[in-house]
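Both counts, for ligands and for their atoms, begin at 1 and track the order of listing.
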Amino acid sequence: MSKSPSLEDITNLCIRRGFFFQSSRIYGSLSGFFDYGPLGTEMRIEVLNSWWDFFVRSRDDIVGIYGSIITHPKVWVASGHVESFIDFIVRCNRCGKEYRADHLLEEKGIMVTELTQESLIKLLKENNVRCPSCGGELSEPEPFNLMFYVSVGPKGKSSIPTYLRPETAQLMFVNFKDIYVSMRLKLPFGIAQVGKAFRNEISPRNFLFRIREFEQMEIEYFVNPKKMDECPYFSEVKDVKVQVLSAEMQEKGRKEGREMTIGEAYEDGIITTKWHAYWIALSLKWLIDIGLSPKRLRIREHVKTELAHYAIQTFDVEYLFPYMGWKEIEGISNRSDYDLKRHQEYSGKDLSILDGEEKVIPYVIEPSFGLERIILALITDSYNIISNRLVLSLHPKVAPVKVGVYPLVNKEEFVKKAREVYRMVRQRYLSIYDESGSIGRRYARSDEIGVPLGITIDGQTLEDNTVTLRFRDTRAQIRVKIDNIIDKIEEILSKWDEYEKLVRVEASSQ
Ligand code: GAP
């Protein structure tokens, strides 16, 4: 039996078991900042490594960079963020509380289709929206830039005011020409980066979902504008199926999408270029690969008024959170040549490159993943109650700990053997050793943090050097020779989805 968790269930688990903590809690915390705890830190590394392997290391056409967080302020003028990276804020005239205008309307069930000052003023007035906290009158919405200001250098005339980066993307545009030349790249090619981004969100909320300091995993994939429909890998992904909610469907008032393949979404003209369709499909493949249920994923196109200042078409990959509904975990935009052209204009440097004989400023498709939102989705997706016990059924690829080692009873010969096995296993896999409390409690503790496999040293181990290997989700057990244990774990973890089904048969026929 499984139960849909509430946001409180997820938050409690994450804090209680050391995945995340509210940052600087002993001083009362700052809203929108979280620290990764020991298990969250390991999980972060697993998700990042899986992403990097899948999108960068396994491909010849993508290279990675690791750019600085603070850059020349002109980067953000050229990128359009100084002018356009805004949300609208309203203040209560009575209690002084501040709110994001569109969120306030959405919470009242009022659809916001146009994010302009005029339309927000109109909607707030028409619906007589007041302060949710004290019922006071609200100010008119004002634009609020989400970038954090910083000052570089000693105070005084020589200090330079700039911003913390609100997206990692710009570093890939400003370094574009140097990367192209130094790596002798040929179109089409991509640049990838993982790193922190900072946004001074008006109302951070929903645990990790909307925070002020978070990590992005982004790719800028550059293509000759005339070749946006020439994607040699398209046939590999065109059959990926997903629920699609197009802009047109939304404009007709539809809330639910239609299931179709990515190939069909392209043929029907919903996704307008093949390269864009390819990157949407590949993103979905990776998200499913690390354990998200395909049924809880959909793609939703941005309606015109929602598009970011740089985008000509955007699809969000949304995950169906049981406690928030469909929410964005990744955005995939066609940014055209907007960024490179703007940086060329503001820097005065030629950012065109050669595609054969042709001089071009490439178009860019940008898959942009939010790490914390993906971790939140993974933990939510794998939160199960089985026989009244919490089991976090994380895919082994992203589970922070892969193996638990336990002596069945706390007696010297069992403990000695168990520690021996633990020393061997931990050289290869992140493992835990636990000898305290009953074996049932130890299994329960490890199930709660998603440890896929447990090794138990029992009486038979001392006779024939075999151990039991326990599967987290099915609780099935098989016996394995200690000499073979590493190979067996390797095989099981690499074929996890097949193995979980297989092992039930194997274990029950013993
Ligand atoms: N470079 C494009 C870009 O930054 P975005 O849709 O603003 O696009 C990309 O952000 C992803 O970053 C989102 O899909 C989301 O996963 C994550 N993200 C954005 N704002 C966030 C926030 N305040 N807290 C947590 N994650 C956030």
Side-chain angles (χ1 to χ4, degrees), residues 20 23 30-34 36 40 44 47-48 51 65 67 69 71 75-76 79-81 84-87 100 102-103 115 144-148 163-174 190-221 276 279-280 283-284 286-287 292 297-302 306-319 321 324 326-336 338-340 342 364-378 380:
F20 290 94
S23 194
L30 266 182
S31 183
F33 297 91
F34 284 90
Y36 282 77
R44 170 183 171 273
V47 177
L48 287 185
W51 188 89
I65 62 160
I69 282 172
T71 52
V75 170
W76 306 107
S79 70
H81 283 81
S84 307
F85 198 54
I86 50 171
D87 279 333
R100 206 174 120 172
D102 55 324
H103 282 173
L115 270 176
F144 174 78
N145 195 298
L146 296 183
M147 286 194 291
F148 280 102
Y163 309 91
L164 294 182
R165 65 185 188 196
E167 60 170 6
T168 66
Q170 291 307 318
L171 280 294
M172 297 180 265
F173 297 124
V174 294
I191 306 174
Q193 182 174 210
V194 164
K196 290 264 187 180
F198 303 84
R199 296 183 188 176
N200 199 2
E201 296 284 353
I202 296 168
S203 40
R205 56 170 75 189
N206 293 334
F207 187 36
L208 302 173
F209 186 79
R210 189 169 304 284
I211 45 187
R212 289 174 164 147
E213 175 177 342
F214 54 96
E215 220 160 346
Q216 291 187 317
M217 307 182 288
E218 298 199 297
I219 299 167
E220 306 304 326
Y221 198 83
H276 201 166
W279 281 108
I280 292 171
S283 296
L284 289 166
W286 178 72
L287 290 166
L292 290 181
L297 292 171
R298 76 172 183 191
I299 58 167
R300 187 185 68 79
E301 185 183 0
H302 280 200
E306 185 189 1
L307 281 171
H309 58 277
Y310 49 73
I312 56 173
Q313 190 178 36
T314 297
F315 285 85
D316 285 343
V317 176
E318 295 184 333
Y319 176 79
F321 289 91
M324 298 190 283
W326 289 105
K327 291 282 175 196
E328 171 190 357
I329 56 171
E330 181 202 355
I332 310 166
S333 292
N334 180 343
R335 290 178 81 130
S336 72
Y338 173 87
D339 300 89
L340 289 178
R342 293 271 297 198
V364 71
I365 302 293
E366 176 197 64
S368 173
F369 301 76
L371 179 63
E372 287 78 7
R373 287 192 186 178
I374 288 172
I375 291 181
L376 186 62
L378 285 168
T380 304

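The distance between the ring centers of F209 and F207 does not fall below 6.0 angstrom. In this structure, F148 has its ring center at least 6.0 angstrom away from the ring center of Y163.
Taking both residues in full, the closest heavy atoms of W326 and L297 are given as CZ3-C, 3.6 Å, listed atom of the first, atom of the second, then distance.
Sorted by chain and number, the residues within 4.0 Å of ligand 1 by heavy atom are E167, A169, R199, E201, F209, R210, I211, F214, Q216, E218, Y310, E328, I329, E330, G331, R335, E366, S368, G370, R373.
Residues passing the ring pair (Phe, Tyr, Trp, His ring centres under 6.0 Å) test with H81, sequence neighbours excluded: W76, F85, H309.
Between W51 and F369, the angle of the ring planes goes over 60°, which puts this pair in the perpendicular group of the 30/60° scheme.
Salt bridge status for R335 with E218: absent, with no side-chain N to carboxylate O gap under 4.0 Å.
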